There are 2 protein chains.
Amino acid sequence: MHITPIALGDPPLLNAAGLHAPYVLRTIVELVTDNGLTGLAEVPGSAAVDDVLCAARDTVLGADPLNWHKLKAALGARFAAESSKARGDAPWDQRKIVQLFSAVDVACLDLAGKSFGVPVATLLGGVARDRVPYSAYLFYKYEGAGGDLAFDTDPKATGWAAARQRTAIDPDGIVAQAEAMIKEFGFKSIKLKGGVFEPAQEIAALKALRTAFGPDVPIRYDPNALWTVETSIKWGRELENVLEYFEDPARSQEGMAAVRRAVKLPLATNMCTTSFDDLPGSVRRESEDIILTDHHYWGGLRASMELAAFCRSFGRGVSMHSNNHAGISLAAMTHLGAAMPNLSYALDTHYPWQWEEIIAGGQMKIEDGCVVLPKGPGLGVELDRAAVARAHETYKRCGLKERNDEIEMQKKVPGWKFAATRW
Amino acid sequence: MHITPIALGDPPLLNAAGLHAPYVLRTIVELVTDNGLTGLAEVPGSAAVDDVLCAARDTVLGADPLNWHKLKAALGARFAAESSKARGDAPWDQRKIVQLFSAVDVACLDLAGKSFGVPVATLLGGVARDRVPYSAYLFYKYEGAGGDLAFDTDPKATGWAAARQRTAIDPDGIVAQAEAMIKEFGFKSIKLKGGVFEPAQEIAALKALRTAFGPDVPIRYDPNALWTVETSIKWGRELENVLEYFEDPARSQEGMAAVRRAVKLPLATNMCTTSFDDLPGSVRRESEDIILTDHHYWGGLRASMELAAFCRSFGRGVSMHSNNHAGISLAAMTHLGAAMPNLSYALDTHYPWQWEEIIAGGQMKIEDGCVVLPKGPGLGVELDRAAVARAHETYKRCGLKERNDEIEMQKKVPGWKFAATRW
């Protein structure tokens with residue numbers, strides 16, 4: 001069981017928690033079997049999760065990768081103290097146990113697929129679609145390329161690589177970003193990450209997107225629960241004929257339910273209903289219409305399929321949340337999206353924002369807004385060892401040990417503080 | 001795709017619907033692939049289900065057995081008119097679509113397991129236990145062996161084979177039946193099928209079982225929803241210190257919820273919450289504590305695993321319902337029981353009541369109340385072609401086309417009528 005933290009370049013993207021660092025951290029997990037197969041997984045990077053992964057080695061080593069139920073039970077028992085921890089107020093989930101489950105589940109599925117000569121999607125019940133749609137994930141951002149260039153730009157860049165470097169802090173910047181991203185990748189739907197500027201400014205950007213792209217391009221919007229219920233209702237009503245869905249306007253199932261009763265828009269979440277323990281509350285409170293799974297945070301691909309089954313029975317739509325990620329995660333998301341019978345909406349992905357890759361062959365292609373299910377067995381991706389080594393060196397050099405967008409933001413805006421509710 | 005109706009001998013067992021015929025009908029489904037593998041499944045037998053299976057041939061032939069999601073969607077579209085049909089008032093489920101799904105799901109999983117060289121339980125996420133516990137399923141019954149002997153007995157029979165022929169219509173008969181069955185199979189828990197005699201008589205049998213076996217042998221009881229809510233509450237209270245769980249005392253989720261509020265006993269069901277569409281009502285009404293899945297009626301093994309996931313999130317226990325069945329179904333049930341992380345209770349099975357088998361090697365062993373997970377790939381069972389041919393001849397000879405316990409009962413008690421609610 002090899003655990004390799006890596007850092008990949010990331011532009012200065014703004015979000016409710018502050019500002020992306022010049023590097024995104026990920027951790028690559030490799031499970032090597034006694035018959036010479038290697039199973040891959042990738043999880044959000046942090047020293048805290050790496051510590052849990054390292055501590056899990058004793059439980060994982062010697063286990064049968066084809067027997068997930070037994071291994072999951074052993075990991076659950078070994079890390080019982082982690083099971084009751086909360087996801088926290090950040091836009092991303094803080095729980096370590098689900099990331100551990102996810103890493104081992106995905107790597108075991110990759111092993112099983114390689115062992116049997118079939119794609120992971122087959123082991124999730126089969127392929128419902130072999131082209132998985134993603135959405136154009138727009139961000140407010142500062143000028144800059146990210147990575148070693150940080151706030152500088154590469155003047156030689158062209159096309160999307162040039163557009164990706166540009167400032168976007170107003171409606172015109174967001175529309176230009178959308179146009180460049182859609183031109184490059186062919187996305188059929190748009191998501192704007194909000195929670196950065198005061199509501200009126202972000203709603204103006206959404207309306208500008210609507211005007212620019214027309215009613216045939218669905219738009220979603222996510223202020224990452226930074227709004228009060230009152231703000232969510234007031235501005236949500238403005239968005240009723242603008243959005244496909246409204247993601248996490250307010251905090252908590254109660255807050256979301258209150259917004260949902262008052263606003264005629266489907267509400268989506270990856271913040272108020274984020275675990276199987278949350279499902280009874282979701283049903284009781286009717287807190288959302290759409291659950292955005294994320295196999296890193298729901299405990300793996302099989303767990304996400306269980307969530308999709310819940311969504312079928314309880315009238316919830318289902319799609320996927322994303323953090324920055326590399327190709328192993330994109331492959332895993334694509335297998336999941338391919339297998340879900342009831343994938344209701346195009347998936348989120350940060351992938352267009354990155355340019356460095358650790359899988360062989362470089363970045364996976366997004367064409368017509370879709371990723372084609374990889375053909376090979378398992379996840380269908382292999383590591384580029386030299387690229388992993390470089391990304392691990394970058395990890396060591398950059399000195400980051402966790403994602404902390406508040407500290408990055410303070411470098412630009414001294415004294416800036418994260419607020420769980422801002423407007 | 002071979003569809004073979006068979007009949008196996010069955011003793012004159014009494015239940016809410018009347019009396020078992022001398023033969024139980026089952027249908028064997030075989031899917032043969034172009035690379036020479038055969039996948040097996042078994043479903044409750046009826047001409048109506050056989051017709052649907054035959055009509056499904058065009059959809060199944062040429063499909064990829066490794067791609068269940070695609071095949072299920074095609075079958076669902078082809079038989080959309082069946083999807084909204086209700087299970088009916090009988091103790092067993094009348095829906096054809098779920099039996100079609102089950103037959104194809106199980107046969108495809110058998111094929112996948114054989115193709116990959118792993119047990120079906122592995123394809124359901126892995127083995128949580130390799131010895132799956134079953135309960136001693138007691139029946140009120142008339143004298144007789146069933147099968148060609150019908151109400152006659154085989155005087156040469158010994159042990160359980162002799163005990164199985166005897167009358168059991170009072171507490172002493174039930175206790176003697178339990179003692180003989182447990183001596184033979186080592187069951188650690190008991191279930192009495194009720195709904196045959198008036199409540200006082202059946203409760204006396206339950207109390208006699210409790211006295212005979214003591215508090216360490218859990219007892220369940222199932223009057224198959226033949227009682228009113230008032231009767232269920234009155235007699236349920238009598239059973240509070242007698243039963244492990246009380247199965248389907250009254251009809252409907254509303255009725256069960258009313259009983260549940262008044263009686264301090266876990267309620268189990270395979271009659272009020274029987275499909276994924278029923279789950280929201282189950283949550284809203286809190287109609288039961290335990291859901292008894294049956295892969296024949298929930299649409300297959302994968303669907304039953306989805307139900308188990310629901311049960312984990314919503315605090316429901318999970319175990320399994322049974323009709324008469326042969327070894328293919330017992331193997332499938334055992335793989336499912338082996339894979340479910342949250343199997344809460346020993347499974348029901350009618351298997352001890354039968355003596356004819358259509359799988360190679362004859363009947364599977366039940367020892368210490370458990371069935372050991374078959375070792376081979378897939379379901380781990382193969383057909384005994386001569387036995388299948390005999391059982392198919394029996395099917396043709398006996399003339400039965402569906403299960404109708406009312407008609408069988410009328411042969412013994414002229415004018416007897418099934419009542420959905422009797423006491």
Side-chain angles (χ1 to χ4, degrees), chain A residues 63-74 76 105 108-109 112-113 115-119 121-130 273 275-284 286 299-316 338-343 377, chain B residues 63-74 76 105 108-109 112-113 115-119 121-130 273 275-284 286 299-316 338-343 377:
Chain A
D64 178 358
L66 297 182
N67 196 339
W68 171 235
H69 289 154
K70 193 171 176 185
L71 181 49
K72 186 177 187 183
D105 171 72
C108 286
L109 282 166
S115 178
F116 304 155
V118 297
T122 297
L123 302 176
L124 300 176
V127 176
R129 65 197 64 76
D130 54 14
T273 300
S275 75
F276 292 98
D277 289 345
D278 291 335
L279 297 183
S282 160
V283 171
R284 194 166 60 249
E286 303 187 343
L301 298 173
R302 285 177 269 223
S304 290
M305 291 298 290
E306 292 174 356
L307 175 63
F310 163 85
C311 289
R312 284 197 293 281
S313 292
F314 285 82
R316 301 290 191 278
M340 275 188 183
N342 52 325
L343 183 71
Chain B
D64 178 358
L66 298 183
N67 195 339
W68 171 235
H69 289 154
K70 193 170 177 186
L71 182 48
K72 186 178 186 184
D105 171 72
C108 286
L109 281 166
S115 178
F116 303 155
V118 297
T122 296
L123 302 176
L124 301 176
V127 176
R129 63 197 66 75
D130 55 13
T273 301
S275 76
F276 292 97
D277 288 345
D278 291 335
L279 297 183
S282 160
V283 170
R284 193 165 61 248
E286 303 187 343
L301 298 174
R302 286 177 269 222
S304 291
M305 290 299 290
E306 292 174 356
L307 175 63
F310 163 84
C311 289
R312 283 197 293 281
S313 293
F314 286 82
R316 302 288 192 278
M340 275 186 183
N342 52 326
L343 183 72

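Just so it is clear, the structure is predicted and the values come from calculations on it, not from any experiment. Per chain, numbering begins at 1; letters A, B, ... match sequence-line order.
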Novice: Quick one: what part of A:Leu109 sits under 4.5 Å from any heavy atom of chain B, side chain, backbone, both or neither?
Specialist: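 No part of it gets close to chain B.
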Novice: Where is the tightest heavy-atom contact between A:Phe314 and B:Pro280, given as atom of each residue plus distance?
Specialist: CE2-CA, 3.5 Å
Novice: Tell me, side chain or backbone of B:Ala339 under 4.5 Å from chain A's heavy atoms, or both, or neither?
Specialist: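 Both parts, backbone and side chain.
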Novice: For A:Ser282, what residues pass the side-chain hydrogen bond (donor to acceptor under 3.5 Å, both in side chains) criterion, not counting sequence neighbours?
Specialist: A:Glu288, A:Arg316
Novice: Heavy atoms only: give me the nearest A:Gly113-A:Leu123 pair and the separation to one decimal.
Specialist: N-CD1, 3.5 Å
Novice: Once side-chain contact (heavy atoms from CB on, under 4.5 Å) is applied, do any residues pair with B:Asp277, and if so which ones, sequence neighbours excluded?
Specialist: B:Ser275
Novice: Main chain of B:Ala128, side chain of A:His69: is a donor-acceptor contact present, judged purely on distance under 3.5 Å?
Specialist: no
Novice: May I ask you to list the residues in residues 299-308 of chain A that approach chain B closer than 4.5 angstrom, counting heavy atoms only, ordered by number?
Specialist: A:Arg302, A:Met305, A:Glu306
Novice: With chain B, which of A:Val127, A:Leu66, A:Thr122 has the greatest number of heavy-atom pairs at distances under 4.5 Å?
Specialist: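 Greatest number of close heavy-atom pairs with chain B: A:Val127.
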Novice: Sequence neighbours left out, what passes side-chain hydrogen bond (donor to acceptor under 3.5 Å, both in side chains) with A:Asp130? Give chain and number order.
Specialist: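 Listed in chain order: nothing, the list is empty.
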Novice: Flag the one option from B:Asp105, B:Leu71, B:Val118 with the top tally of heavy-atom pairs under 4.5 Å to chain A.
Specialist: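 Ranked by heavy-atom pairs under 4.5 Å with chain A, first place is B:Val118.
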Novice: Which heavy atom of A:Pro65 sits nearest to which heavy atom of A:Cys108, and what is that distance?
Specialist: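 The answer is O-CB, 3.4 Å.
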Novice: What part of A:Arg312 lies closer than 4.5 angstrom to a heavy atom of chain B: side chain, backbone, both or neither?
Specialist: side chain
